[in-house]
Amino acid sequence: MEGNRAAEPLLIIIPAYNEENTICSVVEDIRLHCPQFDYLIVNDGSTDRTLEICMEHGFHVMNLPVNLGLAGAFQAGMRYAFRKGYQYAVQFDGDGQHLAEYVPAMLDCARQNRYDIVIGSRYIQGEKGFSLREIGSRLIGFCILITTGKRIKDPTSGMRMYSVSVMKKLAMQMNYDPEPDTVAALLRGGASCGEVPVRMNERLYGASYLTAANSMKYMFYMCTSILVVHWLR
Amino acid sequence: MSALLRIILISASAVTCVYISRKLKKAQVDTHDTIFWILFSAVLILVSVFPRIADRLAQTLGIYSTENTVFLIIIFALLLRVFLLTIRSSQIEHRVRVLVEELAIREKEQQAKKKRWVKPEMTVCETRRKEADGSEREKRAQAKTGAKPAPGLTDVSWRD
(Lines give C-alpha, C1' and ligand atoms only; values in the text may rest on other atoms or scores of the structure.)
Protein backbone atom coordinates (compact mmCIF):
# COMPACT_ATOMS: atom_id res chain seq x y z
CA MET A 1 0.00 0.00 0.00
CA GLU A 2 2.96 2.26 0.66
CA GLY A 3 4.25 2.19 -2.92
CA ASN A 4 1.11 2.65 -4.97
CA ARG A 5 -1.14 4.79 -2.86
CA ALA A 6 -4.61 5.33 -4.26
CA ALA A 7 -5.70 8.66 -5.67
CA GLU A 8 -7.93 9.71 -2.77
CA PRO A 9 -6.62 10.20 0.79
CA LEU A 10 -9.30 7.95 2.24
CA LEU A 11 -8.83 4.64 4.02
CA ILE A 12 -11.58 2.06 4.38
CA ILE A 13 -10.96 0.23 7.65
CA ILE A 14 -12.44 -3.27 7.79
CA PRO A 15 -12.22 -4.88 11.23
CA ALA A 16 -12.60 -8.63 10.65
CA TYR A 17 -13.15 -11.30 13.26
CA ASN A 18 -13.86 -14.75 11.79
CA GLU A 19 -15.16 -13.46 8.47
CA GLU A 20 -13.71 -16.16 6.19
CA ASN A 21 -16.98 -16.51 4.28
CA THR A 22 -17.52 -12.87 3.48
CA ILE A 23 -14.17 -11.06 3.44
CA CYS A 24 -13.54 -11.88 -0.23
CA SER A 25 -16.83 -10.49 -1.45
CA VAL A 26 -16.36 -7.37 0.70
CA VAL A 27 -12.97 -6.62 -0.87
CA GLU A 28 -14.30 -7.46 -4.36
CA ASP A 29 -17.12 -4.98 -3.76
CA ILE A 30 -14.64 -2.26 -2.76
CA ARG A 31 -12.35 -2.97 -5.72
CA LEU A 32 -15.30 -2.90 -8.10
CA HIS A 33 -17.11 0.19 -6.85
CA CYS A 34 -14.36 2.39 -5.51
CA PRO A 35 -10.90 1.43 -6.73
CA GLN A 36 -9.80 5.02 -6.00
CA PHE A 37 -9.76 4.31 -2.24
CA ASP A 38 -7.33 2.34 -0.13
CA TYR A 39 -8.67 -0.30 2.21
CA LEU A 40 -7.15 -2.08 5.18
CA ILE A 41 -8.42 -5.29 6.72
CA VAL A 42 -7.64 -5.55 10.41
CA ASN A 43 -7.66 -9.22 11.32
CA ASP A 44 -8.67 -9.23 14.98
CA GLY A 45 -7.05 -12.49 16.04
CA SER A 46 -9.49 -14.62 14.05
CA THR A 47 -9.58 -18.32 14.85
CA ASP A 48 -10.73 -19.32 11.37
CA ARG A 49 -8.98 -18.91 8.01
CA THR A 50 -9.59 -15.15 7.62
CA LEU A 51 -5.89 -14.28 7.70
CA GLU A 52 -4.87 -17.10 5.34
CA ILE A 53 -7.53 -16.11 2.83
CA CYS A 54 -6.38 -12.49 2.91
CA MET A 55 -2.75 -13.53 2.42
CA GLU A 56 -3.63 -15.90 -0.44
CA HIS A 57 -5.49 -13.19 -2.32
CA GLY A 58 -2.88 -10.55 -1.58
CA PHE A 59 -5.31 -8.25 0.26
CA HIS A 60 -3.95 -5.43 2.40
CA VAL A 61 -4.23 -6.93 5.85
CA MET A 62 -2.95 -6.04 9.28
CA ASN A 63 -2.88 -8.86 11.78
CA LEU A 64 -3.53 -8.46 15.49
CA PRO A 65 -2.04 -11.42 17.37
CA VAL A 66 -4.62 -11.16 20.17
CA ASN A 67 -8.37 -10.65 19.89
CA LEU A 68 -9.08 -7.10 21.06
CA GLY A 69 -12.70 -6.75 20.03
CA LEU A 70 -14.20 -4.33 17.52
CA ALA A 71 -13.00 -1.23 19.37
CA GLY A 72 -9.37 -2.37 19.48
CA ALA A 73 -9.33 -3.53 15.86
CA PHE A 74 -10.87 -0.29 14.68
CA GLN A 75 -8.45 1.78 16.74
CA ALA A 76 -5.51 -0.12 15.23
CA GLY A 77 -6.81 0.78 11.76
CA MET A 78 -7.39 4.38 12.83
CA ARG A 79 -3.87 4.61 14.19
CA TYR A 80 -2.54 3.36 10.86
CA ALA A 81 -4.63 5.88 8.93
CA PHE A 82 -3.49 8.72 11.18
CA ARG A 83 0.16 7.76 10.91
CA LYS A 84 0.01 7.44 7.13
CA GLY A 85 -1.62 10.84 6.79
CA TYR A 86 -5.04 9.90 5.42
CA GLN A 87 -7.61 12.71 5.46
CA TYR A 88 -10.62 10.46 5.93
CA ALA A 89 -11.24 7.02 7.37
CA VAL A 90 -14.35 4.88 6.99
CA GLN A 91 -15.47 2.24 9.42
CA PHE A 92 -16.68 -0.67 7.30
CA ASP A 93 -18.06 -4.05 8.34
CA GLY A 94 -16.32 -7.22 7.24
CA ASP A 95 -19.53 -9.25 7.13
CA GLY A 96 -20.86 -7.80 3.90
CA GLN A 97 -23.57 -5.61 5.42
CA HIS A 98 -22.07 -2.38 4.14
CA LEU A 99 -21.95 -1.55 0.43
CA ALA A 100 -18.90 0.18 -1.00
CA GLU A 101 -20.91 2.07 -3.62
CA TYR A 102 -22.03 4.60 -0.99
CA VAL A 103 -18.55 5.53 0.19
CA PRO A 104 -17.92 8.13 -2.59
CA ALA A 105 -21.20 9.85 -1.74
CA MET A 106 -20.16 10.01 1.92
CA LEU A 107 -16.82 11.52 0.96
CA ASP A 108 -18.53 14.14 -1.24
CA CYS A 109 -20.87 15.03 1.61
CA ALA A 110 -17.96 15.38 4.06
CA ARG A 111 -16.02 17.57 1.63
CA GLN A 112 -18.85 19.84 0.54
CA ASN A 113 -20.17 20.56 4.02
CA ARG A 114 -16.84 20.20 5.84
CA TYR A 115 -18.34 17.62 8.16
CA ASP A 116 -16.12 15.87 10.70
CA ILE A 117 -18.34 12.80 10.84
CA VAL A 118 -20.57 11.39 8.12
CA ILE A 119 -22.92 8.54 8.96
CA GLY A 120 -24.30 6.15 6.37
CA SER A 121 -27.94 6.29 7.39
CA ARG A 122 -30.56 3.62 6.67
CA TYR A 123 -33.49 5.74 7.76
CA ILE A 124 -33.33 8.79 5.51
CA GLN A 125 -34.95 7.10 2.53
CA GLY A 126 -36.31 3.99 4.19
CA GLU A 127 -38.86 4.62 6.93
CA LYS A 128 -38.05 3.73 10.50
CA GLY A 129 -40.43 1.10 11.82
CA PHE A 130 -40.98 -0.24 15.31
CA SER A 131 -38.98 -3.44 15.45
CA LEU A 132 -36.84 -3.93 18.54
CA ARG A 133 -33.73 -2.80 16.70
CA GLU A 134 -35.43 0.35 15.50
CA ILE A 135 -36.87 1.18 18.90
CA GLY A 136 -33.33 0.86 20.29
CA SER A 137 -32.06 3.14 17.56
CA ARG A 138 -34.78 5.70 18.38
CA LEU A 139 -33.91 5.57 22.07
CA ILE A 140 -30.21 6.20 21.45
CA GLY A 141 -31.10 8.93 18.95
CA PHE A 142 -33.28 10.54 21.62
CA CYS A 143 -30.44 10.39 24.19
CA ILE A 144 -28.12 12.10 21.69
CA LEU A 145 -30.79 14.72 20.98
CA ILE A 146 -31.07 15.51 24.71
CA THR A 147 -27.34 15.79 25.31
CA THR A 148 -26.18 17.46 22.09
CA GLY A 149 -29.30 19.04 20.64
CA LYS A 150 -28.65 17.36 17.30
CA ARG A 151 -30.96 14.89 15.62
CA ILE A 152 -29.26 11.82 14.20
CA LYS A 153 -31.56 9.52 12.29
CA ASP A 154 -29.40 6.40 12.39
CA PRO A 155 -27.02 6.54 15.35
CA THR A 156 -26.45 2.77 15.46
CA SER A 157 -25.27 2.54 11.86
CA GLY A 158 -21.81 0.99 11.80
CA MET A 159 -20.85 2.79 8.59
CA ARG A 160 -19.24 6.04 9.64
CA MET A 161 -16.67 8.31 8.07
CA TYR A 162 -14.32 10.34 10.24
CA SER A 163 -12.20 13.22 9.01
CA VAL A 164 -8.64 13.95 10.10
CA SER A 165 -9.87 16.53 12.62
CA VAL A 166 -11.32 13.82 14.88
CA MET A 167 -8.97 11.06 13.79
CA LYS A 168 -6.32 11.80 16.37
CA LYS A 169 -8.74 11.40 19.27
CA LEU A 170 -10.07 8.15 17.86
CA ALA A 171 -6.60 6.82 17.19
CA MET A 172 -4.88 7.75 20.41
CA GLN A 173 -7.34 8.29 23.24
CA MET A 174 -9.24 6.05 25.56
CA ASN A 175 -13.04 5.97 25.44
CA TYR A 176 -13.43 6.62 21.74
CA ASP A 177 -14.85 3.28 20.67
CA PRO A 178 -16.62 3.19 17.32
CA GLU A 179 -20.06 3.40 18.97
CA PRO A 180 -22.88 5.96 19.16
CA ASP A 181 -21.65 7.35 22.49
CA THR A 182 -18.41 8.42 20.80
CA VAL A 183 -20.41 10.28 18.17
CA ALA A 184 -22.29 12.03 20.98
CA ALA A 185 -19.04 12.91 22.76
CA LEU A 186 -17.49 14.27 19.56
CA LEU A 187 -20.62 16.32 18.82
CA ARG A 188 -20.44 17.79 22.30
CA GLY A 189 -16.79 18.57 21.63
CA GLY A 190 -17.79 20.73 18.68
CA ALA A 191 -17.56 18.27 15.77
CA SER A 192 -20.09 18.52 12.96
CA CYS A 193 -22.01 15.55 11.69
CA GLY A 194 -23.94 14.74 8.52
CA GLU A 195 -25.88 11.79 7.23
CA VAL A 196 -25.99 10.20 3.80
CA PRO A 197 -28.76 7.80 2.77
CA VAL A 198 -27.47 4.27 2.24
CA ARG A 199 -28.90 0.81 1.86
CA MET A 200 -27.45 -2.13 3.73
CA ASN A 201 -27.39 -5.84 3.03
CA GLU A 202 -28.96 -8.31 5.33
CA ARG A 203 -26.33 -10.31 7.13
CA LEU A 204 -24.91 -12.92 4.73
CA TYR A 205 -23.40 -15.41 7.16
CA GLY A 206 -23.32 -16.00 10.88
CA ALA A 207 -25.44 -14.64 13.67
CA SER A 208 -25.51 -11.09 14.95
CA TYR A 209 -23.45 -10.34 18.01
CA LEU A 210 -26.47 -8.57 19.42
CA THR A 211 -28.50 -11.37 20.95
CA ALA A 212 -31.42 -10.44 23.20
CA ALA A 213 -29.35 -10.33 26.40
CA ASN A 214 -26.48 -8.58 24.69
CA SER A 215 -28.69 -5.93 23.12
CA MET A 216 -30.24 -5.15 26.50
CA LYS A 217 -26.75 -4.70 27.91
CA TYR A 218 -25.72 -2.68 24.89
CA MET A 219 -28.74 -0.40 25.14
CA PHE A 220 -28.30 0.12 28.86
CA TYR A 221 -24.62 0.87 28.43
CA MET A 222 -25.16 3.25 25.52
CA CYS A 223 -27.91 5.21 27.25
CA THR A 224 -26.06 5.59 30.55
CA SER A 225 -22.86 6.39 28.70
CA ILE A 226 -24.47 9.12 26.61
CA LEU A 227 -26.71 10.55 29.32
CA VAL A 228 -24.64 10.23 32.50
CA VAL A 229 -20.99 9.55 31.76
CA HIS A 230 -20.58 12.09 29.00
CA TRP A 231 -22.24 14.67 31.15
CA LEU A 232 -19.42 14.15 33.68
CA ARG A 233 -16.79 14.20 31.00
CA MET B 1 -30.26 5.55 60.25
CA SER B 2 -28.43 8.25 62.11
CA ALA B 3 -28.00 11.65 60.49
CA LEU B 4 -24.23 11.34 60.71
CA LEU B 5 -24.16 8.05 58.78
CA ARG B 6 -26.38 9.56 56.11
CA ILE B 7 -24.13 12.59 55.76
CA ILE B 8 -21.06 10.36 55.53
CA LEU B 9 -22.65 8.20 52.83
CA ILE B 10 -23.77 11.21 50.80
CA SER B 11 -20.44 12.97 50.99
CA ALA B 12 -18.49 9.80 50.19
CA SER B 13 -20.70 9.26 47.13
CA ALA B 14 -20.28 12.86 46.03
CA VAL B 15 -16.50 12.64 46.37
CA THR B 16 -16.50 9.40 44.34
CA CYS B 17 -18.48 11.06 41.57
CA VAL B 18 -16.20 14.10 41.46
CA TYR B 19 -13.11 11.89 41.41
CA ILE B 20 -14.48 9.68 38.62
CA SER B 21 -15.42 12.75 36.63
CA ARG B 22 -11.88 14.14 36.96
CA LYS B 23 -10.38 10.83 35.83
CA LEU B 24 -12.78 10.79 32.88
CA LYS B 25 -11.78 14.26 31.83
CA LYS B 26 -8.12 13.25 31.87
CA ALA B 27 -9.03 10.09 29.89
CA GLN B 28 -7.49 7.87 32.54
CA VAL B 29 -10.42 5.53 33.05
CA ASP B 30 -12.65 3.55 30.73
CA THR B 31 -16.29 4.62 30.53
CA HIS B 32 -17.36 0.98 31.00
CA ASP B 33 -15.71 0.96 34.43
CA THR B 34 -17.14 4.28 35.58
CA ILE B 35 -20.75 3.17 35.18
CA PHE B 36 -20.49 0.84 38.18
CA TRP B 37 -19.16 3.57 40.45
CA ILE B 38 -21.70 6.12 39.31
CA LEU B 39 -24.55 3.67 39.90
CA PHE B 40 -23.07 2.67 43.25
CA SER B 41 -22.90 6.28 44.40
CA ALA B 42 -26.41 6.90 43.10
CA VAL B 43 -27.80 3.99 45.13
CA LEU B 44 -26.00 5.14 48.29
CA ILE B 45 -27.30 8.68 47.88
CA LEU B 46 -30.81 7.36 47.25
CA VAL B 47 -30.72 5.21 50.38
CA SER B 48 -29.38 8.03 52.56
CA VAL B 49 -31.82 10.62 51.27
CA PHE B 50 -34.79 8.26 51.56
CA PRO B 51 -33.99 5.92 54.50
CA ARG B 52 -37.53 4.56 54.21
CA ILE B 53 -36.34 2.36 51.32
CA ALA B 54 -33.73 0.71 53.52
CA ASP B 55 -36.25 0.38 56.37
CA ARG B 56 -38.69 -1.47 54.13
CA LEU B 57 -35.94 -3.68 52.78
CA ALA B 58 -34.77 -4.53 56.30
CA GLN B 59 -38.30 -5.48 57.34
CA THR B 60 -38.93 -7.72 54.35
CA LEU B 61 -35.55 -9.42 54.61
CA GLY B 62 -35.85 -9.79 58.38
CA ILE B 63 -32.64 -7.91 59.09
CA TYR B 64 -32.35 -6.42 62.56
CA SER B 65 -31.40 -2.86 61.68
CA THR B 66 -31.52 -0.55 58.71
CA GLU B 67 -27.78 0.11 58.85
CA ASN B 68 -27.08 -3.57 58.37
CA THR B 69 -29.17 -3.54 55.19
CA VAL B 70 -27.10 -0.67 53.86
CA PHE B 71 -23.92 -2.57 54.67
CA LEU B 72 -25.34 -5.67 52.98
CA ILE B 73 -26.03 -3.70 49.80
CA ILE B 74 -22.48 -2.34 49.83
CA ILE B 75 -20.97 -5.79 50.47
CA PHE B 76 -22.95 -7.38 47.64
CA ALA B 77 -21.98 -4.62 45.23
CA LEU B 78 -18.31 -4.93 46.14
CA LEU B 79 -18.41 -8.74 45.88
CA LEU B 80 -19.88 -8.44 42.41
CA ARG B 81 -17.17 -6.00 41.46
CA VAL B 82 -14.40 -8.26 42.76
CA PHE B 83 -15.87 -11.20 40.87
CA LEU B 84 -15.96 -9.26 37.60
CA LEU B 85 -12.46 -7.94 38.20
CA THR B 86 -11.14 -11.47 38.72
CA ILE B 87 -12.54 -12.51 35.36
CA ARG B 88 -11.07 -9.43 33.74
CA SER B 89 -7.63 -9.95 35.22
CA SER B 90 -7.54 -13.56 34.00
CA GLN B 91 -8.42 -12.41 30.51
CA ILE B 92 -5.76 -9.70 30.56
CA GLU B 93 -3.15 -12.15 31.83
CA HIS B 94 -3.99 -14.56 29.03
CA ARG B 95 -3.76 -11.79 26.45
CA VAL B 96 -0.39 -10.61 27.68
CA ARG B 97 0.90 -14.16 27.55
CA VAL B 98 -0.30 -14.64 23.98
CA LEU B 99 1.20 -11.30 23.04
CA VAL B 100 4.62 -12.17 24.44
CA GLU B 101 4.57 -15.60 22.81
CA GLU B 102 3.62 -14.07 19.48
CA LEU B 103 6.37 -11.47 19.80
CA ALA B 104 8.94 -14.16 20.52
CA ILE B 105 7.82 -16.21 17.51
CA ARG B 106 8.00 -13.17 15.24
CA GLU B 107 11.48 -12.29 16.44
CA LYS B 108 12.56 -15.84 15.77
CA GLU B 109 11.13 -15.68 12.27
CA GLN B 110 12.92 -12.40 11.63
CA GLN B 111 16.21 -13.95 12.68
CA ALA B 112 15.63 -16.82 10.26
CA LYS B 113 14.96 -14.34 7.46
CA LYS B 114 18.18 -12.46 8.15
CA LYS B 115 20.34 -15.52 7.48
CA ARG B 116 21.17 -15.20 3.80
CA TRP B 117 23.33 -17.33 1.64
CA VAL B 118 26.65 -15.66 0.83
CA LYS B 119 29.02 -16.73 -1.92
CA PRO B 120 32.02 -18.31 -0.15
CA GLU B 121 34.64 -16.29 -2.08
CA MET B 122 33.03 -13.02 -1.11
CA THR B 123 32.97 -14.00 2.52
CA VAL B 124 36.66 -14.80 2.29
CA CYS B 125 37.26 -11.41 0.77
CA GLU B 126 35.35 -9.73 3.57
CA THR B 127 37.21 -11.77 6.18
CA ARG B 128 40.52 -10.75 4.68
CA ARG B 129 39.56 -7.11 4.72
CA LYS B 130 38.53 -7.48 8.32
CA GLU B 131 41.80 -9.19 9.10
CA ALA B 132 43.69 -6.36 7.44
CA ASP B 133 41.70 -3.79 9.39
CA GLY B 134 42.21 -5.74 12.56
CA SER B 135 45.96 -6.08 12.13
CA GLU B 136 46.26 -2.37 11.31
CA ARG B 137 44.40 -1.44 14.45
CA GLU B 138 46.44 -3.89 16.48
CA LYS B 139 49.69 -2.52 15.16
CA ARG B 140 48.59 0.94 16.18
CA ALA B 141 47.58 -0.35 19.61
CA GLN B 142 50.89 -2.14 19.85
CA ALA B 143 52.76 1.02 19.03
CA LYS B 144 50.87 2.83 21.74
CA THR B 145 51.10 0.28 24.54
CA GLY B 146 53.99 -1.80 23.36
CA ALA B 147 52.08 -5.02 23.99
CA LYS B 148 52.09 -8.08 21.71
CA PRO B 149 48.89 -8.96 19.79
CA ALA B 150 46.79 -11.67 21.32
CA PRO B 151 47.12 -14.78 19.17
CA GLY B 152 44.10 -16.08 17.26
CA LEU B 153 41.99 -12.96 17.61
CA THR B 154 42.25 -11.91 13.99
CA ASP B 155 41.43 -15.40 12.70
CA VAL B 156 37.84 -15.10 13.79
CA SER B 157 35.55 -14.56 10.84
CA TRP B 158 31.87 -13.87 11.39
CA ARG B 159 29.54 -15.68 9.12
CA ASP B 160 25.80 -16.20 9.36
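Because the structure is a prediction, the values reported are computed rather than measured. A, B, ... follow the sequence lines: proteins, then strands. Residue 1 opens every chain.
With a threshold of 4.5 angstrom between heavy atoms, B:Thr34 approaches chain A through side-chain atoms but not through N, CA, C or O. Contacts of B:Glu101 with chain A are absent, with no heavy-atom separation under 4.5 Å from either backbone or side chain. In this structure, the portions of B:His32 lying under 4.5 Å from any heavy atom of chain A include both its backbone and its side chain. Heavy atoms of A:Val229 lying under 4.5 Å from chain B belong to its backbone as well as its side chain. When heavy atoms are compared at a cutoff of 4.5 Å, B:Val18 does not approach chain A at all. Using a 4.5 Å cut-off between heavy atoms, B:Leu39 touches chain A through its side chain atoms alone. Neither the backbone nor the side chain of B:Arg22 comes within contact range of chain A; no heavy atom of the residue lies under 4.5 Å from a heavy atom of that chain.
Using non-hydrogen atoms only and a strict 4.5 Å limit, no part of residues 145-170 of chain A faces chain B. Contacts of residues 171-185 of chain A with chain B at a heavy-atom distance below 4.5 Å involve A:Gln173, A:Met174, A:Asn175, A:Asp177, listed in sequence order.
With sequence neighbours excluded, no residue forms a salt bridge (Lys or Arg N to Asp or Glu O under 4.0 Å) with B:Arg56. Partners of A:Phe59 under the ring pair (Phe, Tyr, Trp, His ring centres under 6.0 Å) rule, at least two apart in sequence or in another chain, are A:His57.
If you tally non-hydrogen atom pairs under 4.5 Å between each of B:Val29, B:Ile20, B:Val98, B:Leu103 and chain A, the highest count goes to B:Val29.
Side-chain atoms of A:Asp93 do not come within 3.5 Å of backbone N or O of A:Asp95 as any donor-acceptor pair. For the pair B:Ser48 (side chain) and B:Leu5 (backbone), a donor-acceptor distance under 3.5 Å is absent. Although no hydrogens or angles enter the test, the distance criterion places a donor-acceptor pair under 3.5 Å between the side chain of B:Ser89 and the main chain of B:Thr86.
Judged by the 6.0 Å distance and 45° axis criteria, B:Arg81 is not positioned over the aromatic ring of B:Phe40.
A salt bridge does not link B:Glu109 to B:Lys113: none of the charged nitrogens lies less than 4.0 Å from a carboxylate oxygen. Note on A:Arg138 versus A:Glu134: no salt bridge recorded, every NZ/NE/NH1/NH2 to OD/OE distance being 4.0 Å or above.
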Test side chain to side chain donor-acceptor pair (under 3.5 Å) applied to A:Thr50 and A:Asn43, step by step: CA-CA 7 Å; A:Thr50 306; A:Asn43 176 42; 4.8 Å; no
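In terms of heavy-atom proximity, A:Met106 sits nearest to A:Val118 at CE-O, 3.5 Å. The two atoms that bring A:Val66 and B:Leu99 nearest to each other are CG2-CD1, 3.6 Å, heavy atoms only.
A distance of 13.5 Å separates CZ in B:Arg6 from CG in B:Leu44, rounded to the nearest 0.5 Å.
No hydrogens or angles considered: a donor-acceptor pair under 3.5 Å links the side chains of B:Thr31 and A:Tyr221.
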